[in-house]
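Below, all heavy atoms of this structure are taken into account, side chains as well, without hydrogens, waters or symmetry copies. Chain letters run A, B, ... following the sequence lines, proteins first and then strands; every chain starts at 1.
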Amino acid sequence: MNAVEIEEAVSDLSQEPFDAAEFPFSFLAAFGNKEATIKRLRSGNTNKSDVGGVLQRNNIHIAVAEPGQTVETLARLKASPQTERQKAKFILATDGAQLEAEELGSGEVLSCRYGDLGNNFGFFLPLAGISTVAEVKNNPIDIKATSRLNRLYVQLLKDNADWGSPDKRGDLNRFMARMIFCFFAEDTGIFQGDDLFTSTVQTMTEADGSNTRDVLLRLFDAMNTRAPDGAARPGFPSWADRFPYVNGGLFADDIGCPTFSRTSRAYLLRAGELDWKTINPDIFGSMIQAVADEDERGELGMHYTSVPNIQKVLDPLFLDDLREQLEQAGTNKRMLFNLRQRLSRIRVFDPACGSGNFLVIAYIRMREIEDEIMRRRGEALTRSAISLTQFFGIEIKSFAAEIARLSLLIAEFQCDVRFIGQAEARALVLPLHATGNIRQGNALRIDWEEVCPPATVSAEERDLGGPTGRLNLEGGSEEREIYICGNPPYQGSVNQSQAQKADMESIFKKYLKTYKDLDYVSSWFVRAAEYLKGRSGVAAFVSTNSICQGEQVAMLWPILFKLGLEIDFAHTSFLWKNNASNNAGVTCIVVGIGNLTRQKLLFEGSEVRAALGITPYLTIGERVIVRKQTSPLSPIAKMQSGNKPTDNGNFILDGEDKRSLVRSFPETERLFRRFVGSRELTQGGDRYCLWIKDNDLAVASANPEIGNRISNVRAFRLESRGKQANENAETPHRFVFSPHTGGSCIAVSNVSSERREYLPANYFSGDTVVSNLASVAYDAPLWNFSIIVSKLHLAWIATICGKLKTDYRYSNTLGWNTFPVPKLTATDKARLTRCAADILLAREAHFPATIAELYDPEMMPTDLRAAHDCNDETLERIYIGRRFRNDTERLEKLFEMYTKMTTKKERAN
DNA sequence: CATCCGACACTGC
DNA sequence: GCAGTGTCGGATG
């Protein structure tokens with residue numbers, strides 16, 4: 001269940017008559033417990049309560065109190081030994097009138113009327129595993145608002161089938177934005193009189209919804225008509241005339257109004273009942289945008305950027321700089337004045353703005369700085385110098401664009417209330433000012449300069465204080481500072497839609513022949529770089545970490561560097577997290593690209609490092625880009641991908657199945673080979689694959705079980721969308737890619753946990769087939785193994801190759817073939833061979849421990865560690881005659897060698 | 001023919 | 001749900 005569903009269930013529960021016996025179970029059901037779980041609790045099997053209540057292990061201890069005894073009952077719950085023993089997270093006591101609860105971990109308490117439980121459901125969200133971010137917990141109104149609007153939107157679509165069409169959808173979205181504005185306006189005093197809008201609809205419309213549309217149209221009309229000074233507007237009934245002139249923007253266009261049924265009218269009124277005063281334009285906006293999108297509904301803004309992540313972009317982009325200028329100004333009035341001038345000129349542009357939360361946060365933070373300026377100048381703010389027209393956005397979805405415009409207006413009003421005053425804010429708000437410049441469209445196709453025209457500061461503005469000088473161009477013209485930010489969509493090449501591929505082509509074709517492996521998000525970086533070309537600025541986006549790893553680096557970054565940009569700041573990989581119920585599974589980075597001569601900052605977790613330059617691998621050091629190559633740079637063994645079945649599982653049998661088959665059909669024994677992928681390589685396990693030579697095909701097909709598997713493979717490959725699978729459909733007994741020679745080999749897992757200090761590699765005899773989940777060097781001398789499992793090689797792989805999350809991913813073309821190795825003498829090779837053998841022997845001494853067990857950094861046996869130390873020492877002495885002090889030194893040496901070796905090669909060509 | 005990646009995908013707690 | 005850790009095969013070169 002997501003938070004919206006929980007809110008609905010809890011609100012419903014608190015409105016029903018209180019049933020003392022049922023309450024604990026209904027409560028647990030509202031938080032998404034399954035029927036079966038509740039049945040078991042009810043039967044007493046899993047109910048661990050020792051005070052006659054209901055206690056769910058690891059969760060909550062609930063007791064129903066005698067009337068007026070809630071506080072005492074809560075105390076009993078707290079004192080109960082079972083509460084602690086069963087690790088309850090919450091205790092809750094209620095008598096149906098009053099409710100007391102405590103979150104035991106934090107000691108936070110809740111005390112409210114029972115009927116008010118719905119408004120406090122956020123307190124209990126950890127019960128459903130939704131706990132990480134305080135924002136939702138503290139602002140349940142955002143969820144409730146989303147939930148109510150959700151119902152209204154769906155019902156309106158039901159009542160007005162024609163409004164669902166693509167050309168009418170925009171009008172419905174605009175209509176919803178108007179409704180939200182009205183709800184907000186009636187709760188904040190923008191409209192005179194409490195609940196003016198909702199109560200007008202309530203009293204003026206029939207319960208069956210029949211005339212709701214007419215009433216709303218009348219109200220829209222009024223809000224779009226300027227009243228003659230102080231007088232009534234002619235032709236409007238008094239109930240409509242009570243509504244103020246709001247203005248063009250929101251109410252100008254004639255979008256009509258959908259028809260209402262009894263149900264949709266009721267939902268409209270229920271939405272109006274909420275107190276919209278405290279909604280957060282950032283959180284609410286991102287949740288609400290899912291309302292208009294069937295696919296996203298229920299996901300609740302899975303891709304919405306949390307405020308901490310937005311700050312990761314905005315702070316280093318320009319807010320920290322503003323704050324620093326504020327510090328420098330101290331109480332110097334002139335300097336403070338200049339800073340305020342600067343604030344009034346900055347432009348913030350989010351070309352993937354969604355519901356506008358980057359823009360909203362930027363606006364609020366800028367207002368906070370302005371407030372501090374006024375405080376230090378000892379002046380009262382009467383009108384902010386920061387205008388919403390300084391904020392620009394592009395958004396592809398019409399509803400989100402609509403919400404972005406509205407969210408900015410709400411943010412402006414809330415800031416006016418906070419920094420100027422309640423009454424003044426009300427006086428200022430109507431008629432509505434121009435809001436942000438939000439364009440609905442595809443950011444990769446429309447002209448950014450048209451959306452956010454780079455204007456220069458006028459002479460008049462300059463006289464008022466002049467720009468800070470930081471952004472002066474050489475020619476002396478003074479452009480406004482423009483900061484580009486956002487969180488554009490990510491999509492790897494395999495999952496890009498046809499439209500997205502076409503977008504990619506439109507951007508990359510002029511730069512590259514091979515660009516198709518780039519992530520979709522890289523388009524925004526190129527677009528931003530093109531926009532910044534010839535002027536000063538920085539653009540920073542949240543992105544998937546894969547554009548700064550592996551093969552994508554060599555495709556994307558040379559383009560950006562050539563356009564005159566460098567990495568201005570960056571945050572290294574962090575896990576995507578927001579308060580959506582099901583987070584997107586992705587590891588992110590933040591990268592700012594720009595052309596300002598300022599110190600570069602690299603943020604790693606909570607640490608910041610200042611540097612002269614940041615590499616596209618998000619490390620500090622010389623800017624070197626490693627390109628994949630098909631053969632080794634150094635005289636080391638050839639390495640390939642492992643054997644790829646593309647069999648839908650049909651070639652693979654576990655040990656037990658294979659043995660029972662061979663027991664029944666002994667002639668099939670020679671059709672099997674031991675099969676090793678990443679998992680078997682590291683964690684052991686007993687798997688076999690069918691390895692059928694052409695001249696064994698008759699024997700294989702004759703066996704019913706195996707024959708069946710072969711025909712399954714054929715069917716699967718025919719069905720597949722993949723070319724290689726199709727092409728190999730008529731040889732369904734063979735792997736689609738099979739470098740297996742029958743000789744021995746060294747294999748490295750293609751993925752490995754970043755916890756390990758050494759790559760999981762092993763030596764296999766010819767009767768083992770290594771899968772495409774590992775890279776293999778066939779018939780390779782053992783000293784190659786010594787290199788593969790060295791610290792030196794891991795440092796290289798960790799920097800150069802791609803990652804899965806933040807785990808190592810091994811690649812022969814990127815990591816092995818590019819690895820610089822000095823010329824090895826026969827003695828060197830003999831020594832390394834000896835080291836490799838010692839490592840294998842040390843492992844054997846711990847048979848049958850797996851590599852995963854042996855290489856757990858906490859459990860690694862001392863003899864194995866000693867063998868690796870010896871190996872590292874021997875190898876590193878060959879490089880520099882001593883051991884390296886750390887990985888920084890290792891990488892420095894490797895990059896230096898790489899640069900030398902690749903430029904020499906180029907010269908030779 | 002050969003490979004790199006996944007707004008990932010499981011598994012186990 | 002979350003932490004830990006690597007499947008599988010498509011799309012692309």
Side-chain angles (χ1 to χ4, degrees), chain A residues 1 32 58-59 125-132 296 299 301-305 487-496 501 512-521 542-547 549-552 555 575-578 580-588 628 630 638-649 651-652 677-683 685 687 716-717 719-728 735-739 749-756 760 771-776 801-817 852 856:
Chain A
M1 273 173 106
N58 289 326
N59 241 355
L125 276 178
L127 288 178
I130 307 169
S131 61
T132 38
E296 278 185 39
E299 286 186 12
M302 181 162 87
H303 298 157
Y304 128 74
T305 321
N487 176 16
Y490 328 146
Q491 199 65 251
S493 72
V494 173
N495 296 318
Q496 283 164 17
K501 284 179 184 166
L512 284 177
K513 263 190 297 212
T514 59
Y515 59 84
K516 291 185 178 174
D517 279 322
L518 280 168
D519 195 283
Y520 192 52
V521 75
V542 187
S543 162
T544 165
N545 61 0
S546 57
I547 64 162
Q549 290 163 9
E551 60 175 357
Q552 297 198 35
M555 290 186 242
L575 211 57
W576 177 261
K577 244 193 175 60
N578 61 21
S581 47
N582 43 349
N583 270 310
V586 63
T587 307
C588 294
K628 54 179 172 181
T630 49
K638 176 183 170 179
M639 191 184 286
Q640 294 176 278
S641 266
N643 298 274
K644 184 170 177 177
T646 315
D647 64 336
N648 201 20
F651 285 160
I652 320 296
S678 269
R679 188 184 293 155
E680 290 75 25
L681 208 159
T682 50
Q683 303 179 27
R687 283 212 296 178
F716 173 72
R717 289 185 185 169
E719 282 283 303
S720 162
R721 285 179 297 144
K723 195 172 80 141
Q724 189 170 43
N726 298 158
E727 281 170 357
N728 287 279
F735 279 41
V736 299
F737 176 64
S738 46
S749 175
N750 278 352
V751 286
S752 170
S753 165
E754 64 173 334
R755 285 194 336 122
R756 294 192 191 111
S771 90
N772 65 328
L773 280 98
S775 298
V776 205
C801 286
K803 299 266 171 83
L804 187 51
K805 289 183 120 158
T806 51
D807 288 340
Y808 307 128
R809 198 190 284 267
Y810 198 88
S811 148
N812 55 342
T813 61
L814 276 163
W816 177 251
N817 291 347
D856 184 323

From [atom1] of [X] over to [atom2] of [N], roughly how many Å is that when rounded to an integer?
X	N	atom1	atom2	answer
A:D807	B:dG6	CG	P	13 Å
A:N750	B:dA9	CG	P	19 Å
A:F735	B:dC1	CZ	P	14 Å
A:K805	B:dA9	NZ	P	12 Å
A:Q640	B:dC1	CD	C1'	10 Å
A:Y810	C:dT7	OH	C1'	21 Å
A:Y520	B:dA7	OH	C1'	14 Å
A:R756	C:dG4	CZ	P	13 Å

C:dT5 phosphate, OP1 or OP2, under 4.0 Å from A:S678 side-chain N/O: no

Side-chain N,O (A:Q683) to OP1/OP2 (C:dT5) below 4.0 Å: no

I'd like to check [X] versus [Y] (side-chain heavy atoms, cut-off strictly below 4.5 Å). Are they in contact?
X	Y	result
A:R755	A:D856	yes
A:Q552	A:L518	yes
A:T646	A:F651	no
A:Y490	A:N545	no
A:N772	A:F737	no
A:R679	A:R687	no
A:K803	A:T587	no

Using a cut-off of 4.0 Å on non-hydrogen atoms, how would the nucleic acid contact of [X] be classed: base, sugar-phosphate, or nothing?
X	value
A:S546	sugar-phosphate
A:T682	sugar-phosphate
A:P760	nothing

Under 3.5 Å: donor-acceptor pair, side chain of A:N750, backbone of A:S775: yes

Side-chain donor/acceptor of A:S811 to backbone N/O of A:L814, under 3.5 Å: yes

Summary of protein contacts for nucleotides 8-13 of chain C, nucleotide by nucleotide, where a base hit scores B, a sugar-phosphate-only hit scores S (4.0 Å, heavy atoms): BBBBSS

Base B:dA7 to side chain A:D519, donor-acceptor N/O within 3.5 Å cut-off: no

Along DNA chain B (nearest heavy atom to each residue), the more 5'-positioned of A:Y490 and A:P739: A:P739

Earlier contact from the 5' end, DNA chain B, for A:L804 and A:F737: A:F737

A:Q640 CD to A:T630 OG1 distance, which is reported to the nearest 0.5 Å: 11.5 Å

A:T544 and A:D519 side chains, donor-acceptor separation under 3.5 Å: no

Short side-chain donor-acceptor distance under 3.5 Å, A:S720 and A:N726: no

Selection from C:dG4, B:dA7, B:dG6 that lies nearest to any side-chain heavy atom of A:Q491: B:dA7

Check the interface with nucleotides 11-13 of chain B: list each N/O to N/O pair with the protein under 3.5 Å, or write none.
none

Separation of the C1' atoms in B:dT3 and B:dA7, to the nearest angstrom: 23 Å

Base-pairing string, 5' to 3', of DNA chain B - Watson-Crick or wobble, under 3.5 Å, | interstrand: ||||||.||||||

Which atom of A:A852 lies closest to which atom of A:Q683, heavy atoms considered: CB-CG, 4.1 Å

